[in-house]
Amino acid sequence: MGAALGDRGHGPAEAAALAAAEHAARRSGRAVLYAGVERLTGTVTVADLLESTAIDQLTLVGAPLTTPDPTTPILTQDHVRPEWREGRLVLALVPAVGNTLAPFEVPNPTPCCADHG
């Protein structure tokens, strides 16, 4: 199903084209393959992540806009998926156990409503 307003359309094809254009322009979209991704296994420090990958910036979900201490460990779970935001590769992190951080996106999320019948 789609919709049109003048020469503008909206539907699956238009949405896909817009998403592809935004990703190609590095304005939005998730990055799976990027420089240094192969180094992000196990636990790495904030400094290691920023120095050895294409990730430009870290954000802490629900926290002030500050960069974490460079020695803070990040528990990658071998799954680090930053997002393009206005030309910068940004990784969202959350606090984890033992004064560590972890990527906001987890490898195997529990589906919403998984327990509902």
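Computed from heavy atoms alone, side chains included, the values below leave out hydrogens, waters and symmetry copies. Note that this is a predicted model, so its numbers are computed, not measured. Here, residue 1 is the first one in the sequence, and each next residue gets the next number.
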>> Apply side-chain contact (heavy atoms from CB on, under 4.5 Å) to residues L49 and I74 and explain how you reach the verdict.
In response: CA-CA 9 Å; L49 182 142; I74 299 173; 3.9 Å; yes
What do the steps show when you test R85 against T59 for side-chain contact (heavy atoms from CB on, under 4.5 Å), and what is the final call?
-> CA-CA 12 Å; R85 294 186 189 170; T59 61; 4.0 Å; yes
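When each of T72, V90, L101, V46 is checked for a side chain to side chain contact (heavy atoms under 4.5 Å, CB included) with L58, only V46 meets the rule.
Every side chain to side chain contact (heavy atoms under 4.5 Å, CB included) that V61 has, sequence neighbours left out, goes to A92, V94, F104. Looking at residues two or more places apart in sequence or on another chain, you find no side chain to side chain donor-acceptor pair (under 3.5 Å) involving D56. Partners of S52 according to the side chain to side chain contact (heavy atoms under 4.5 Å, CB included) rule, which considers only residues two or more places apart in sequence or in another chain, are R39. Partners of R81 according to the side chain to side chain contact (heavy atoms under 4.5 Å, CB included) rule, which considers only residues two or more places apart in sequence or in another chain, are R30, V32, H79, E105. Every residue two or more places apart in sequence or in another chain that forms a side chain to side chain contact (heavy atoms under 4.5 Å, CB included) with A47 is listed here: T45, E51, P70.
The heavy-atom pair separating P103 from L91 by the smallest distance is CB-CD1, 4.5 Å.
Residues T43 and T76 have side chains not in contact (no heavy-atom distance under 4.5 Å, counting atoms from C-beta outward). At least one side-chain heavy atom of L40 sits less than 4.5 Å from a side-chain heavy atom of T53.
Connectivity analysis of hydrophobic side chains (ILVMFWY, heavy atoms under 4.5 Å, direct or indirect) links V97 to nothing; its cluster partners are none.
Around CG of D78, the count of heavy atoms belonging to other residues, nucleotides or ligands within 6.0 Å exceeds 12.
L75 and I55 are members of different hydrophobic clusters when ILVMFWY side chains are connected at heavy-atom separations under 4.5 Å.
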